[in-house]
Amino acid sequence: MLDPKLIRNELDTVAKKMAVRNVTLDTDKLSQLEASRKSLQSNAESLQAQRNTASKAIGQAKAKGEDAQPILDQVAALGDELKAAEVALTELQNELNEVLMGMPNLVHDDVPPGKDESDNVEVRRVGEPRAFSFTPLDHVDLGARGNSLDFEQGAKLTGSRFTVMQGDIAKLHRALVQFMLDTQTQRNGYTEISVPFIVNSDSLYGTGQLPKFAEDLFKLNVEQDYYLIPTSEVPVTNMVRDRLLDANELPMRFTCHSACFRSEAGSYGRDTRGLIRQHQFEKVEMVQVVKPEDSWQALEDMTSHAESILQALNIPYRVVVLCGGDIGFGAAKTYDIEVWLPGQDAYREISSVSNCTDFQARRMQARFKNPATGKNELVHTLNGSGLAVGRTLIAVLENYQQEDGSVEVPEVLLPYFGNQTLLLTNE
RNA sequence: GGAGAGAUGGCUGAGUGGUCGAAAGCGCUCCCCUGCUAAGGGAGUAUACGUUAAUAGCGUAUCGAGGGUUCGAAUCCCUCUCUCUCCGCCA
């Protein structure tokens with residue numbers, strides 16, 4: 001959520017920033033709502049003040065044994081008027097709040113204009129795509145050996161966009177999780193955390209998936225407002241919801257392995273082949289909670305932490321900064337890391353690292369006591385994938401494939417494989 | 001699933017209808033004393049919103065959440081959530 005004061009006082013600036021996202025702000029409606037809010041609020045509050053004064057007088061009169069009836073008569077008429085004023089105010093505040101909750105974060109000045117992913121701007125390119133002496137297969141063909149990647153079984157057990165992995169590929173998948181967690185905890189300073197895969201709606205409002213993106217979520221059909229997490233960013237970031245942190249608790253750095261569940265509504269035709277876009281996938285996430293002045297450096301750091309996985313695996317990738325049309329709802333600036341996939345002859349997203357500034361913190365009421373000012377101030381939150389495991393699996397398979405259809409184990413993963421150096425060697 | 005107890009400020013914890021936004025303690029901040037350390041004395045210290053140049057003043061709201069009773073609710077009533085104890089069941 002944006003600072004309501006900013007919307008009140010600098011509506012034009014806000015509208016300009018929204019335009020970078022191709023979002024047109026209805027400034028007339030907003031200023032009209034704001035004007036109503038002001039008059040309704042001052043009206044309700046002055047009636048409340050009258051009531052409070054009278055009630056106090058009644059108490060004092062009774063204490064002295066005087067007759068309180070005259071004051072009681074005088075206040076009696078207030079009741080209905082006050083109630084009506086309060087109802088009107090509440091209704092308007094709800095309306096205003098709904099508008100506010102539906103507004104995305106302000107983008108950073110660095111965010112380039114653009115309408116979709118084709119307008120994202122490449123920041124750097126690391127590693128050279130390998131020159132193959134044969135035509136590389138994609139992961140679906142590679143995984144067909146021994147039904148290591150079994151899409152038909154996934155479809156039978158559940159439905160489309162679910163997959164069964166077995167044998168070497170299941171083991172590779174697990175090794176990648178281990179390697180990512182070990183890297184983030186041992187080299188990059190994160191604390192491993194394990195969290196629920198089901199969250200309530202408060203948490204989803206906190207990080208911004210609700211109220212706008214309900215259709216992307218799997219909602220449980222139970223009495224409670226429970227949802228499967230679309231990313232562990234939700235439970236991990238909400239760790240600080242409704243908390244007043246001590247300055248020396250910051251920065252907080254968490255890494256978390258979880259399954260992620262996305263309904264992928266609205267992308268029925270996209271990436272239907274293979275593991276790229278699944279309803280369930282696993283991810284090692286990074287989350288940081290930092291002081292406001294540290295968040296932009298943290299974004300760069302966190303991006304490099306995600307990159308460190310691909311560097312260690314020695315797989316080529318590039319980093320792009322998302323344009324206004326492609327950046328997420330809660331982010332002020334986002335770097336996507338795109339990994340080279342020989343099977344697709346393309347760079348594909350494998351990580352997304354965002355600085356959400358105080359956007360999520362305001363929704364979550366996540367604050368810290370700033371020793372410099374003595375005030376309670378909102379923290380900044382960041383999240384990023386470090387990395388998406390399924391897509392990393394694809395990248396390893398496709399980049400490390402041999403002409404005979406087997407796959408070499410990347411050197412850094414050898415400790416997770418005992419003496420095994422080749423995968424999928426059996427026909 | 002059954003029975004019971006509870007939820008108050010950064011923390012612990014008083015407070016059962018009327019100057020209660022809330023005692024006390026801890027913590028924290030400032031000052032004094034003390035030539036280290038430890039201890040002692042004094043003052044201050046919730047948050048959000050509105051109004052405002054103002055984190056000055058004033059107003060409003062907030063004692064788990066929501067509703068109700070009342071002129072007035074931390075305090076009474078209802079619903080819900082969560083925590084703890086005991087029993088049952090269970091990976």
Task: All side chain to side chain contact (heavy atoms under 4.5 Å, CB included) counterparts of Met239(A), not counting sequence neighbours - done: Ile193(A)

TODO: Could you pull out all residues at least two apart from Thr27(A) that satisfy side chain to side chain contact (heavy atoms under 4.5 Å, CB included)?
DONE: Leu11(A), Ala15(A), Leu25(A)

Using atom [atom1] in both nucleotides, what's the gap between [N] and [M] to the nearest angstrom?
N       : M       : atom1 : value
rA73(B) : rG1(B)  : C1'   : 36 Å
rU55(B) : rG15(B) : C1'   : 31 Å
rA91(B) : rU79(B) : C1'   : 33 Å
rC28(B) : rG35(B) : P     : 24 Å
rG64(B) : rG2(B)  : C1'   : 24 Å
rC36(B) : rA54(B) : C1'   : 44 Å
rA48(B) : rA39(B) : P     : 33 Å
rC20(B) : rU8(B)  : C1'   : 12 Å

Over all strands shown, is [X] touching base, sugar-phosphate only, or nothing at heavy-atom distances under 4.0 angstrom?
X         : answer
Arg367(A) : sugar-phosphate
Asn376(A) : sugar-phosphate
Arg362(A) : nothing

Interatomic distance, [X] [atom1] vs [N] [atom2] [rounded to whole Å]:
X         : N       : atom1 : atom2 : value
Asn52(A)  : rG17(B) : CG    : P     : 20 Å
Lys56(A)  : rU70(B) : NZ    : C1'   : 17 Å
Glu377(A) : rU55(B) : CD    : C1'   : 11 Å
Arg243(A) : rU47(B) : CZ    : P     : 18 Å
Asp202(A) : rG64(B) : CG    : C1'   : 13 Å
Glu223(A) : rU79(B) : CD    : C1'   : 12 Å
Lys369(A) : rU55(B) : NZ    : P     : 16 Å
Asn370(A) : rU55(B) : CG    : P     : 16 Å

Where the side chain of [X] is concerned, which of [options] is the nearest nucleotide?
X         : options                   : answer
Lys38(A)  : rG72(B), rU51(B), rG59(B) : rU51(B)
Gln60(A)  : rU60(B), rU19(B), rA61(B) : rU19(B)
Lys83(A)  : rC49(B), rU69(B), rC71(B) : rU69(B)
Ala49(A)  : rU51(B), rG59(B), rU19(B) : rG59(B)
Gln41(A)  : rC71(B), rU47(B), rC49(B) : rC49(B)
Leu244(A) : rA48(B), rG10(B), rC49(B) : rG10(B)

Could you list the donor-acceptor pairs under 3.5 angstrom formed by side chains in residues 152-162 of chain A, with sequence neighbours left out?
| from | atom 1 | to | atom 2 | distance (Å) |
| --- | --- | --- | --- | --- |
| Gln153(A) | OE1 | Lys156(A) | NZ | 3.1 |
| Arg161(A) | NH1 | Arg270(A) | O | 3.3 |
| Arg161(A) | NH1 | Asp271(A) | O | 3.4 |
| Arg161(A) | NH1 | Arg277(A) | O | 3.1 |
| Arg161(A) | NH2 | Ser267(A) | O | 2.7 |
| Arg161(A) | NH2 | Tyr268(A) | O | 3.2 |
| Arg161(A) | NH2 | Arg270(A) | O | 3.2 |

Is it the case that the side chain of [X] and the backbone of [Y] share a donor-acceptor pair, with hydrogens and angles ignored and the cut-off at 3.5 Å?
X         : Y         : result
Ser46(A)  : Asn43(A)  : yes
Arg241(A) : Met364(A) : no
Ser263(A) : Glu215(A) : yes

Task: Which residue lies more 5' along RNA chain B, comparing Arg37(A) with Ala44(A) via nearest heavy atoms - done: Arg37(A)

Open item on the list: Using heavy-atom distances to pick each residue's nearest nucleotide on RNA chain B, tell me which of Thr53(A) and Glu34(A) is more 5'.
Closed with: Glu34(A)

Open item on the list: Tell me which pairs pass salt bridge (charged side-chain N to carboxylate O under 4.0 Å, His left out) where either residue lies in residues 33-48 of chain A, with sequence neighbours left out.
Closed with: Arg8(A)-Glu34(A), Glu34(A)-Arg37(A)

TODO: Check whether any side-chain nitrogen or oxygen of Arg51(A) sits under 4.0 Å from OP1 or OP2 of rA61(B), and answer yes or no.
DONE: yes

Task: Sequence neighbours excluded, every pair satisfying ring-ring contact (aromatic ring centres under 6.0 Å, His included) that has a member inside residues 85-113 of chain A - done: His108(A)-Trp296(A)

- [ ] With pairs defined as Watson-Crick or G-U wobble and both distances under 3.5 angstrom, please note down RNA chain B as a dot-bracket string, | for pairing with another strand.
- [x] ((((((((.[[[..)..(.....]]]((((((.......))))))((((((.....)))))).[[[[[..)....]]]]])))))))....

Task: SB check Asp109(A) Lys17(A) (cutoff 4.0 Å) - done: yes

